[in-house]
Amino acid sequence: MFTGMDEVGWASMKHAYGSAEDVPELLRGLASACPQERERALDGMYGAVHHQGDVYDSTLACIPFLFEVVGHAELRDRGGVVELLVSIGGGDAFDDGPLEDGDGGEGNYAMARTAVRSGAAAFIGLLADRDPEVRRGHRRHSCDSSANRSTSSGC
């Protein structure tokens, strides 16, 4: 899993809090056997990589790896990752303008929509998934979905 992830130039990319060099750890955490690690990783993805619905260059680079996670039926808590993909690809009424710092991110939203839509076959396959949270994940989208998550530890 995650073939090619270590070859991505994460340190040269950005997210809400600066360098995206921590993103591979978050992605690996989504596939962890530890429930608290998966929760921490998903919180981190919403908190930094897709902060308040923003799409950064690191968000775009994550999309193929997020599809890889949702495609592994043996992994737990994939419903949250499906929701994250839907959020990344869904945009909102205010997402066509540049990011606040004017870093050229205005095209990132359109590229994210295109990248997520290119995975439509994966979403169709998830409709028959044995996990009901995965089946429902593509239907739910809440900009505040990460606000109710706790950041408990214990692994």
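As the structure is a computational prediction, the values presented were derived from the model and not from experiment. Position 1 is the first residue of the sequence, and the numbers go up from there.
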Can you tell me which residue among Leu84, Asp54, Val23 is in a side-chain contact (heavy atoms from CB on, under 4.5 Å) with Val49?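 With Val49 as partner, side-chain contact (heavy atoms from CB on, under 4.5 Å) holds for just one option, Val23.
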Minimum heavy-atom distance between [X] and [Y], given as atom pair plus value:
X: His50; Y: Ser87; result: NE2-OG, 2.8 Å
X: His15; Y: Ser58; result: CB-OG, 3.6 Å
X: Tyr46; Y: Gly80; result: OH-O, 4.2 Å
X: Arg78; Y: Leu75; result: NE-O, 3.2 Å
X: Gly29; Y: Ala41; result: C-CB, 3.5 Å

Could you tell me the separation between the [atom1] atom of [X] and the [atom2] atom of [Y], rounded to the nearest 0.5 Å?
X: Tyr109; Y: Thr114; atom1: OH; atom2: OG1; result: 14.5 Å
X: Asp57; Y: Lys14; atom1: CG; atom2: NZ; result: 8.5 Å
X: Met45; Y: Leu30; atom1: CE; atom2: CG; result: 6.0 Å
X: Leu85; Y: Ile63; atom1: CG; atom2: CD1; result: 7.0 Å

May I ask you to decide if Met5's main-chain N or O and Trp10's side chain share a donor-acceptor pair within less than 3.5 Å?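 Here the side-chain-to-backbone pair exists.
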Exercise for the section: Kindly say whether Ser32 contributes a backbone atom to a donor-acceptor pair with the side chain of Arg38 at under 3.5 angstrom? Expected result: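 Checking the backbone N and O of Ser32 against the side chain of Arg38, a donor-acceptor pair under 3.5 Å is found.
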>> If you define the side chain from C-beta out and look only at heavy atoms, does anything of Ile88 sit under 4.5 Å from Thr59?
In response: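 Yes, side chains in contact.
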- Between Val8 and Met13, is any pair of side-chain heavy atoms under 4.5 Å apart?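 Sidechains of Met13 and Val8: in contact.
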With under 30° as parallel and over 60° as perpendicular, where do the rings of His51 and Tyr17 fit, or are they tilted in between?
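Ring orientation of His51 relative to Tyr17: perpendicular.
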Please test Leu60 against Val55 for side chain to side chain contact (heavy atoms under 4.5 Å, CB included), starting from the C-alpha separation and ending with a verdict. CA-CA 7 Å; Leu60 295 170; Val55 175; 4.0 Å; yes
**Asked** So does Glu37 pair up with Arg40, basic N to acidic O under 4.0 Å?
**Response**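 The answer is yes: the pair qualifies as a salt bridge.
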With a 4.0 Å cut-off on N to O distance, would you call Arg28 and Asp6 a salt bridge?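 Yes, charged N to carboxylate O under 4.0 Å.
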message: The test is side chain to side chain contact (heavy atoms under 4.5 Å, CB included); show your working for Met1 and Phe65 and say whether it passes.
response: CA-CA 8 Å; Met1 184 180 300; Phe65 303 112; over 6 Å; no
